[in-house]
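First the proteins, then the strands, lettered A, B, ... as listed; each starts at 1. The shown structure was predicted, so the numbers you read here are calculated from the model rather than taken from an experiment. Below, each value reflects all heavy atoms present in this structure, side chains not excepted, and no hydrogens, waters or symmetry copies.
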Amino acid sequence: MQDRYDPKEAEPRISKFWEQAGIYAFDQNSGSEVYAIDTPPPTISGTIGIHHFFSYSQADFIARYKRMRGYNVFYPFGLDNNGIPTELLVEKLHNTTAEREGREKFVALVEQETKNYEKMYREVFARMGISVDWSLLYTTINSDVQKASQLSFLKLNEMGREYRKETPTIWCVKERTALSQMELKDMVLKSKFVTLRFSDEVVIATTRPEMLPACVAIFVNPEDERNKKHIGKKVRVPIFGQEVSVLADKRVDPEKGTGIVMCCTFGDLTDIEWYKAYGLQLRIIIDDRGRMLGEYFNGLTIRQAREKIIADLKEKGYLIEEKEIEHTVNVHERCNTEIEFLVKKQWYIRYLDMKEKLLELGNKLEWHPQYMKVRYENWVNGLQWDWSISRQRYYGVPFPVWYCKKCDEPVFADEGKLPVNPINDRPGKACSKCGSNEMVPETDILDTWATSSLTPLINGRWGEGGELMKKIYPMDLRPQAHDIISFWLFTTVVKCYLHTGKLPWKSAMISGHALDPKGRAMHKSLGNVIDPLLYIEKYGSDALKHWASLSKLGDDSSFQEKDVMTGARMANKMWNMAKFSRNNLDYDEAEAGNVMDKWVLAKAAFAVRDATRNLDEYNYAAAKRVADELFWAVADDYLEFIKHRIYKKERSANYALSEAFLTVIKLLAPFMPYVTEDVYQNLYAQKEKKKSIHVSGWPSISQKFASQENLEKGERIRKVIVYIRQWKHNNKMALNAPLESITIEGDLDEGIEDIKGTMSVKEVRKGKGIAEIPETGLKISIERGAEAL
RNA sequence: GGAGGUAUAGUCUAAUGGUAGGACGACAGAUUGACAUUCUGUAAACAGGAGUUCGAUUCUCCUUACCUCCACCA
């Protein structure tokens with residue numbers, strides 16, 4: 001064994017060994033029970049941060065635990081390259097745009113770049129010690145996945161779960177695409193709240209005066225004493241002059257503004273509801289780039305239009321009041337652009353009717369931690385739109401659909417021909433309605449969530465009819481972070497349920513976020529993203545995992561370098577223990593007759609029991625604490641207790657050390673996979689005839705040692721030793737300085753030799769003691785003996 | 001506006017209806033053979049208020065603060 005443990009040397013060497021020996025390979029032919037994990041595919045966006053290390057490590061703890069428990073672990077890896085972050089990355093790298101290249105060419109570019117990134121991700125994740133089977137790698141844009149995604153589209157269509165409709169759609173004018181509710185976030189923006197005179201009596205306050213040309217009605221609350229007299233009247237819209245009716249609707253808040261609201265197509269969600277409910281006219285004034293239509297505004301942006309109309313209203317005397325306000329608006333989460341509502345033909349997945357079923361499925365899923373379920377339930381209860389899956393973009397999975405040029409009837413691709421790109425491919429059949437052969441391709445692409453919601457099916461090679469699907473589905477675990485419960489988790493439940501009638505997994509393990517040392521979320525824009533490789537280089541991956549294992553599942557955790565240092569210290573300590581122990585192990589069962597030997601074996605047996613229970617509940621942090629406690633009890637205490645015996649090759653001590661240390665490294669193997677492997681290879685692999693600690697089985701120390709009596713007897717001796725240590729310390733003696741004698745009063749038979757040997761006491765007498773040793777019922781007096789010169 | 005979470009030494013955190021544990025840091029000390037990436041010891045904390053209880057840091061309620069998510073946003 002090497003003198004020092006150097007993770008920088010050891011970890012890459014061990015990673016290589018794992019890969020070559022296929023330690024983490026899923027065995028297609030094994031008869032062992034399968035444990036399948038639906039690994040989150042990280043987005044290819046160019047950076048891997050310490051937040052990846054944090055959450056992937058937490059899932060990895062469980063994967064490694066299950067593997068040691070004998071499961072045939074299906075732990076795949078995916079790369080998400082079907083999305084805007086990847087699109088932007090590739091556009092930047094090649095100084096082009098998806099639009100310029102065209103879909104086919106751009107996808108090829110992405111696939112080519114993905115090859116490079118695949119290598120990088122693979123190296124980094126392997127270096128992080130994530131025990132996935134790389135042969136199960138998938139990427140979300142490759143043709144297999146496109147095929148699965150398109151197949152899903154066709155099947156849902158057959159099931160009557162999809163419809164195409166011209167409806168007001170949430171729209172981003174910057175990226176010129178429809179959005180789903182999931183892609184929105186709140187933002188507080190400065191705005192102007194202006195009060196306008198429509199007539200002498202009808203006065204309206206609004207933040208969107210530029211919508212005036214789209215005004216189609218005025219609303220007041222039917223109960224509003226102040227304003228109900230206007231109901232049924234007609235007024236003229238200032239400047240634009242169209243005549244609109246004043247209608248009554250209880251959605252109007254009489255307290256807000258003047259209590260009178262204008263309804264425009266479309267300023268907000270309520271406008272859409274009114275438009276539908278009262279069959280109002282449609283006046284479109286914004287195009288898909290956010291430019292204003294019509295002579296008056298003539299191509300101005302929305303903001304310019306707002307300024308112009310306010311100035312004009314002021315000049316013409318319609319403006320009564322103008323106030324600067326801050327209000328919260330919905331923006332597109334990626335580009336922070338305020339959303340608009342435009343009318344577009346879109347494909348939808350109908351699921352608003354499934355709310356109850358979805359809640360029921362949420363109840364069936366085992367949530368870890370439990371309280372995360374509420375987020376799912378809130379989301380389901382708050383759904384207002386069916387799932388819009390059309391995106392007006394160039395890069396992504398195309399819809400397998402054409403439309404009849406004559407009658408607009410959709411023509412769907414044949415399942416056998418998938419994947420198709422309707423822009424280049426032909427449907428190969430005529431319109432079923434009018435028989436025409438002239439087709440217009442669908443140029444939209446599918447929402448990325450429509451594809452990533454299929455990961456359990458993608459992993460099972462669904463649609464290929466193989467055995468894999470049966471083996472792994474439903475999967476056992478979905479690990480993911482809490483921020484995408486309403487996206488990835490939710491959409492996966494929806495789609496997988498529709499396709500299989502089953503919940504996609506048994507349990508969900510929801511991790512928190514890694515925060516920077518000041519407790520702020522890590523964002524590229526804040527510049528506080530930490531590169532895990534920096535710390536892996538400095539302290540080792542095991543050390544970094546120590547930090548990741550400290551915080552409870554679901555809790556956010558700020559990155560603290562000192563926790564990494566503690567981990568590095570542990571790894572070093574373990575290595576030194578191994579060096580010390582290697583010549584002092586007795587692998588064959590010997591009678592553990594000594595009180596301290598029984599103590600350490602009892603501790604080890606209890607630790608296995610507790611760690612197992614905690615890991616079964618996905619409480620890796622508690623399991624890690626149990627393992628740590630055992631580790632330090634062996635390292636700091638037990639080793640000191642037995643040194644005097646181990647040199648004499650006492651079989652009982654050597655056997656107990658061998659068992660206890662093996663238990664320690666096995667309990668810690670999921671958390672510190674490298675150093676435990678190295679120690680195992682040096683000390684135990686041959687004896688156990690196993691290739692790796694990670695497939696060597698969970699510690700099997702006999703529970704016969706787990707007796708309260710063994711524990712308490714040893715604990716009492718330990719307290720006596722601690723007391724003497726403290727006494728020596730207070731009396732400025734070195735801990736190994738000899739003591740002439742001690743006198744103990746009370747019932748103590750076993751352990752006297754251990755006290756003598758550990759604390760260099762020449763003689764232990766029975767008799768009157770002076771000082772009480774806490775919690776032992778013993779009294780003690782200590783005779784220091786002749787002072788050394 | 002609604003929902004959920006959190007609040008423990010200087011810092012990061014754990015557990016618990018009855019002595020609040022650990023880590024880093026601080027301070028004091030030991031030490032030559034597994035380990036200075038060591039060991040031993042000391043000081044140091046339950047956000048505020050009310051209630052339930054023999055007893056509350058723990059359970060309940062309220063207040064405050066922070067973090068999420070959702071809704072509204074004329």
Chemist: Between G48(B) and C66(B), how far apart are the two C1' atoms, rounded to whole Å?
Modeler: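 The same atom, C1', in both gives a distance of 15 Å.
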Chemist: Looking at the side chain of Asn736(A), which of A3(B), A34(B), U32(B) is the nearest nucleotide?
Modeler: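 Selected nucleotide: U32(B).
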Chemist: For RNA chain B, whose closest nucleotide is more 5', that of Gly267(A) or that of Glu640(A)?
Modeler: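 Comparing both residues, the 5'-ward one is Glu640(A).
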Chemist: Categorize Phe219(A) for me: base, sugar-phosphate, or nothing, with a 4.0 angstrom heavy-atom threshold over every strand shown.
Modeler: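 If one applies the 4.0 Å heavy-atom cut-off, Phe219(A) turns out to touch nothing in the nucleic acid.
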Chemist: Where the side chain of Arg569(A) is defined as all heavy atoms beyond and including C-beta, which of C39(B), C35(B), A30(B) is the nearest nucleotide?
Modeler: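 For Arg569(A), the side-chain atoms sit closest to C39(B).
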Chemist: Is the charged tip of Lys643(A) near the ring of Phe580(A): under 6.0 Å from the six-membered ring centre and within 45° of its axis?
Modeler: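 Yes, cation above the ring, under 6.0 Å and within 45°.
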Chemist: What do you reckon, are the aromatic ring centroids of Tyr620(A) and Phe61(A) less than 6.0 Å apart?
Modeler: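 Yes, the ring centres sit under 6.0 Å apart.
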Chemist: Please state how far atom CD in Glu273(A) lies from atom C1' in A71(B), giving the value in whole angstrom units.
Modeler: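 The answer, rounded to whole Å, is 12 Å.
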Chemist: Say we look at A7(B) and C39(B): how far apart would their C1' atoms be, to the nearest angstrom?
Modeler: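 It comes out at 36 Å once rounded to the nearest Å.
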Chemist: Identify, between Ala568(A) and Gln726(A), the residue whose nearest nucleotide on RNA chain B lies closer to the 5' end.
Modeler: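 Result: Ala568(A).
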Chemist: Ignoring the backbone of Arg625(A), work out which of A15(B), C35(B), G41(B) is nearest its side chain.
Modeler: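 Nearest to the side-chain atoms of Arg625(A), counting from C-beta on, is A15(B).
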Chemist: Across all strands, who's sitting opposite C69(B) as a Watson-Crick or G-U wobble pair, both distances under 3.5 Å?
Modeler: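 Paired with G2(B).
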Chemist: Round to the nearest Å and state the distance from Asp637(A) atom CG to U38(B) atom P.
Modeler: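 It works out to 16 Å between those atoms.
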Chemist: Please give the nucleotide sitting opposite G29(B) as a Watson-Crick or G-U wobble pair, both distances under 3.5 Å, or none.
Modeler: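 Base-paired to C39(B).
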Chemist: Taking the P atom of each, how far is A23(B) from U40(B), in whole Å?
Modeler: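 So the two P atoms sit 10 Å from each other.
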Chemist: Are Tyr376(A) and C70(B) close enough that a side-chain N or O sits under 4.0 Å from OP1 or OP2?
Modeler: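 For Tyr376(A), the contact criterion (side-chain N or O under 4.0 Å from OP1 or OP2 of C70(B)) is not met.
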Chemist: So which nucleotide does A34(B) pair with, by the Watson-Crick or G-U wobble rule with both distances under 3.5 Å?
Modeler: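 Here A34(B) is not engaged in any pair, so there is no nucleotide opposite it.
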Chemist: Partner lookup for U57(B), please. Criteria are Watson-Crick or G-U wobble with both distances under 3.5 angstrom; report none if nothing qualifies.
Modeler: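 Matched U57(B) with nothing under the 3.5 Å cut-off.
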Chemist: For U68(B), does the base pair up with any side-chain atom of Arg375(A) as donor and acceptor (N or O, under 3.5 Å, distance only)?
Modeler: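 There is none.
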Chemist: Charged N to carboxylate O below 4.0 Å: is that the case for Arg645(A) and Asp754(A)?
Modeler: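 Yes, charged N to carboxylate O under 4.0 Å.
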Chemist: Which whole number of Å gives the distance between the P atom of A65(B) and that of U52(B)?
Modeler: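 It works out to 28 Å between them.
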Chemist: Taking only the side-chain heavy atoms of Asp556(A) (C-beta and beyond), determine which of U68(B), C67(B), C35(B) contains the nearest atom.
Modeler: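 Taking heavy atoms from C-beta onward, the closest nucleotide is C67(B).
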Chemist: With rounding to the closest Å, how many angstrom separate the P atoms on G10(B) and A44(B)?
Modeler: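 11 Å, rounded to whole Å.
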Chemist: Which one, U68(B), C72(B), A15(B), comes nearest to the side chain of Leu269(A)?
Modeler: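 For Leu269(A), the side-chain atoms sit closest to C72(B).
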Chemist: Less than 4.0 angstrom from a charged side-chain N to a carboxylate O is my criterion; do Lys8(A) and Glu11(A) meet it?
Modeler: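 No, this pair does not count.
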Chemist: How many Å lie between CH2 on Trp575(A) and P on U38(B), as a whole number?
Modeler: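 Computing the Trp575(A):CH2 to U38(B):P distance gives 17 Å.
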Chemist: Would you mind telling me which of G41(B), C35(B), A3(B) lies closest to the side-chain atoms of Asn576(A)?
Modeler: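 Selected nucleotide: C35(B).
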Chemist: Which nucleotide in the list A34(B), A14(B), C24(B) gets nearest to the side chain of Phe580(A)?
Modeler: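 Minimum distance to the Phe580(A) side chain belongs to A34(B).
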Chemist: Report which part of the nucleic acid Met577(A) touches: base, sugar-phosphate, or nothing (heavy-atom distance under 4.0 Å, all strands).
Modeler: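 Base contact.
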Chemist: Using atom P of each nucleotide, how far apart are A47(B) and U6(B) to the nearest Å?
Modeler: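 13 Å, rounded to whole Å.
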Chemist: For C62(B) and U19(B), measure between their P atoms and round to the nearest Å.
Modeler: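 C62(B) and U19(B) have their P atoms separated by 29 Å.
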Chemist: Looking at U52(B), which nucleotide sits across from it as a Watson-Crick or G-U wobble partner, both distances under 3.5 angstrom, or is there none?
Modeler: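 The answer is none; no pair meets the criterion.
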Chemist: Could you check which of U37(B), G41(B), C35(B) has an atom nearest any side-chain atom of Arg4(A)?
Modeler: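 In terms of side-chain proximity for Arg4(A), the closest of U37(B), G41(B), C35(B) is U37(B).
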Chemist: Under 6.0 Å between ring centres: does that hold for Phe671(A) and Phe631(A)?
Modeler: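 Aromatic pair excluded; centres sit 6.0 Å or further apart.
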Chemist: Using modelled atom types only, decide if a donor and an acceptor are shared between the side chain of Trp367(A) and the backbone of Gly362(A) within a distance under 3.5 Å.
Modeler: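 Side chain of Trp367(A) to backbone of Gly362(A), a donor-acceptor pair under 3.5 Å: yes, one is there.
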